[in-house]
Amino acid sequence: MKNFKKAIIAVLALAMLFSLAACGTKAPAESGEPSTAAATFTTVTDGVLIMATNASFPPYEYYEGDKVVGIDAEIAAAIAEKLGLELKIEDMEFDSIITAVNGGKADIGMAGMTVTPERQEEINFTTSYATGVQVVIVPEDSNIKSVDDLLADGASHIIGVQRNTTGDIYTTGDIEDKGLGTIDRYGKGTEAVMALKTGKVDCVVIDNEPAKAFVAENPGLKILDTKYIEEQYAAAVAKDNTALLDAINKALQELIEDGTVKSIIDKYIAA
Ligand code: ARG
């Protein structure tokens with residue numbers, strides 16, 4: 001009786017192992033088997049979805065202890081689960097993300113990343129899953145009252161941004177290139193905010209949700225009412241990895257339709 005039980009457990013364990021192994025198979029071309037969702041694309045590391053991000057961007061990605069959490073981390077985890085993959089998050093400089101994805105060091109980039117035509121030349125974007133707004137953070141007593149003050153004739157402000165973000169790209173074009181001020185570029189949004197606190201820059205142009213988080217942590221700062229520009233966030237996938245792009249888009253679409261994406265966003269952003 002005891003041995004019989006053991007035998008059954010062993011058979012069950014073997015069956016589980018085989019089904020797990022089947023999930024990890026992603027080379028339909030070689031196997032010639034009918035392709036399942038998980039069998040139509042390859043990832044950098046078999047069975048693992050590596051997400052490149054820059055984890056100083058609350059509430060999209062930030063550290064809780066030594067773990068990266070946030071909207072992007074949770075949406076990526078939900079996508080990975082649908083694809084039968086294990087999610088691994090790699091934290092890096094924001095402007096290394098596209099290179100990492102294109103160079104095959106990561107499968108996707110997810111970092112509150114704005115879809116722009118320039119980036120679309122380098123990388124493919126998935127369906128958009130969130131919107132962002134570029135806003136301006138100033139000290140409470142600042143004489144900068146609106147975005148227009150930054151763009152006005154004769155303006156000469158020092159503007160802090162995170163390097164190579166859209167905040168950098170837009171202010172460089174609209175302000176620095178027109179001789180209306182200078183842009184100070186920092187590796188992290190938090191560093192730009194520190195420069196604002198110490199008076200090194202006059203304002204910081206950054207995405208609205210991290211802006212809210214940074215202002216909440218730093219008394220004496222506020223966000224201007226006028227918005228700089230509205231944008232769409234999406235995940236980035238290498239140009240030649242269209243099978244993964246399609247699989248992620250399919251998973252994302254399901255997660256948008258069944259309300260998962262909304263509930264993840266609502267969990268981090270108070271309505
Ligand atoms: N939305 C902006 C952009 O795409 C800023 C994103 C910064 N993200 C981050 N995780 N630091 O350029």
| salt bridge (charged side-chain N to carboxylate O under 4.0 Å, His left out) contacts in which one or both residues fall within residues 65-76, not counting sequence neighbours | Glu74-Lys267
| query | Does Asp258 have any side chain to side chain donor-acceptor pair (under 3.5 Å) partners at least two apart in sequence or in another chain, and if so, which? | reply | Thr260
In a table with atom names and distances, give each donor-acceptor pair under 3.5 Å that connects a side chain of residues 91-101 to protein atoms at least two apart or in another chain.
{"unit_1": "Asp91", "atom_1": "OD1", "unit_2": "Ala55", "atom_2": "N", "d": "2.8"}
{"unit_1": "Asp91", "atom_1": "OD2", "unit_2": "Tyr63", "atom_2": "OH", "d": "2.9"}
{"unit_1": "Asp95", "atom_1": "OD2", "unit_2": "Asn164", "atom_2": "ND2", "d": "3.0"}

| request: Indicate yes or no: at least one non-hydrogen side-chain atom of Val201 is less than 4.5 angstrom from one of Ile159. | output: no
| Same apolar cluster: Met113 and Ile108, side chain cutoff 4.5 Å | no
| message | Hydrophobic clustering (ILVMFWY, side-chain heavy atoms < 4.5 Å, transitive) - are Ile79 and Leu85 grouped together? | response | yes
| query | Are the side chain of Gln162 and the backbone of Tyr186 linked by a donor-acceptor contact shorter than 3.5 Å? | reply | no
| field | Listed partners of Asn208 passing side chain to side chain donor-acceptor pair (under 3.5 Å), at least two apart | value | none
| said: Set out, in order, the CA-CA distance, both residues' side-chain angles and the distance that settles side-chain contact (heavy atoms from CB on, under 4.5 Å) for Ile89 and Glu61, then state yes or no. | reply: CA-CA 10 Å; Ile89 299 179; Glu61 43 267 336; over 6 Å; no
| task | Sequence neighbours left out, what passes side chain to side chain donor-acceptor pair (under 3.5 Å) with Thr127? Give chain and number order. | result | Asn249
| message | I'd like to know whether CG of Asp225 has more than 12 heavy-atom contacts from other residues, nucleotides or ligands below 6.0 angstrom. | response | no
| Glu90: salt bridge (Lys or Arg N to Asp or Glu O under 4.0 Å) partners, not counting sequence neighbours | Lys88
| Taking C-beta and beyond as the side chain, do Leu255 and Lys82 meet within less than 4.5 Å on heavy atoms? | yes
| task | Can you sort out the partners of Glu176 under salt bridge (Lys or Arg N to Asp or Glu O under 4.0 Å), two or more places apart, ordered by chain and number? | result | Arg185
| Do Ile248 and Leu83 come close enough that some side-chain heavy atom pair is under 4.5 Å? | yes
| query | Is there a donor-acceptor pair under 3.5 Å between the side chain of Ser142 and the backbone N or O of Val138? | reply | no
| Ile75 reachable from Val68 in the ILVMFWY side-chain graph, under 4.5 Å edges | yes
| When clusters are formed by joining ILVMFWY residues with side-chain heavy atoms under 4.5 Å apart, either directly or through shared neighbours, do Phe57 and Tyr268 land in the same one? | yes
| request: Just jot down the side chain to side chain contact (heavy atoms under 4.5 Å, CB included) partners of Glu209, sequence neighbours excluded, or say none. | output: Pro59, Tyr60, Lys212, Ile269
| Could you give all pairs that pass the ring-ring contact (aromatic ring centres under 6.0 Å, His included) test and reach residues 124-166, with sequence neighbours left out? | none
| Within a strict 4.5 Å, meaning less than it, do heavy atoms of the Met110 and Thr53 side chains meet? | no
When the side chains of residues 229-244 are checked against the rest of the protein, which donor-acceptor pairs come out under 3.5 Å, sequence neighbours left out?
{"unit_1": "Glu231", "atom_1": "OE1", "unit_2": "Thr166", "atom_2": "OG1", "d": "3.2"}
{"unit_1": "Glu231", "atom_1": "OE1", "unit_2": "Tyr170", "atom_2": "OH", "d": "3.1"}
{"unit_1": "Glu231", "atom_1": "OE2", "unit_2": "Thr114", "atom_2": "OG1", "d": "2.8"}
{"unit_1": "Glu231", "atom_1": "OE2", "unit_2": "Gln134", "atom_2": "NE2", "d": "2.6"}
{"unit_1": "Glu231", "atom_1": "OE2", "unit_2": "Thr166", "atom_2": "OG1", "d": "3.0"}
{"unit_1": "Gln232", "atom_1": "OE1", "unit_2": "Ser128", "atom_2": "OG", "d": "2.7"}
{"unit_1": "Tyr233", "atom_1": "OH", "unit_2": "Asp207", "atom_2": "OD2", "d": "2.6"}
{"unit_1": "Lys239", "atom_1": "NZ", "unit_2": "Gln120", "atom_2": "O", "d": "2.6"}

| message | Once side chain to side chain contact (heavy atoms under 4.5 Å, CB included) is applied, do any residues pair with Ile169, and if so which ones, sequence neighbours excluded? | response | Arg119
| So do Val204 and Val136 actually touch side chain to side chain, heavy atoms under 4.5 Å? | no
| task | Report yes or no: does Asn102 contribute a side-chain atom to a donor-acceptor pair with the main-chain N or O of Glu122 at less than 3.5 Å? | result | yes
| task | Considering non-hydrogen atoms only, spot the tightest contact between Ala80 and Leu49 and give its length. | result | CB-CD2, 4.1 Å
| remark: Closest non-hydrogen contact found for Lys145 with Asp149 is N-OD2, 2.7 Å
| said: Would you say that Lys222 contacts Ile137 through its side chain, given a criterion of any heavy-atom pair below 4.5 Å between the two side chains? | reply: no
| Glu81 atom CD, over 12 foreign heavy atoms within 6.0 Å | no
| field | Close side-chain approach of Leu224 to Val135, heavy-atom, < 4.5 Å | value | no
| field | Note, Leu245 side chain near Phe41 side chain (heavy atom, < 4.5 Å) | value | no
| task | Using side-chain contact (heavy atoms from CB on, under 4.5 Å) as the criterion, point out the one residue from Ile158, Asp202, Leu221, Asn218 that pairs with Leu196. | result | Leu221
| task | Identify whether the distance between the nearest side-chain nitrogen and carboxylate oxygen of Lys250 and Asp246 falls below 4.0 Å. | result | no
| request: Kindly say whether Val48 contributes a backbone atom to a donor-acceptor pair with the side chain of Thr43 at under 3.5 angstrom? | output: yes
| Asp184: what forms a side chain to side chain donor-acceptor pair (under 3.5 Å) with it, not counting sequence neighbours? | none
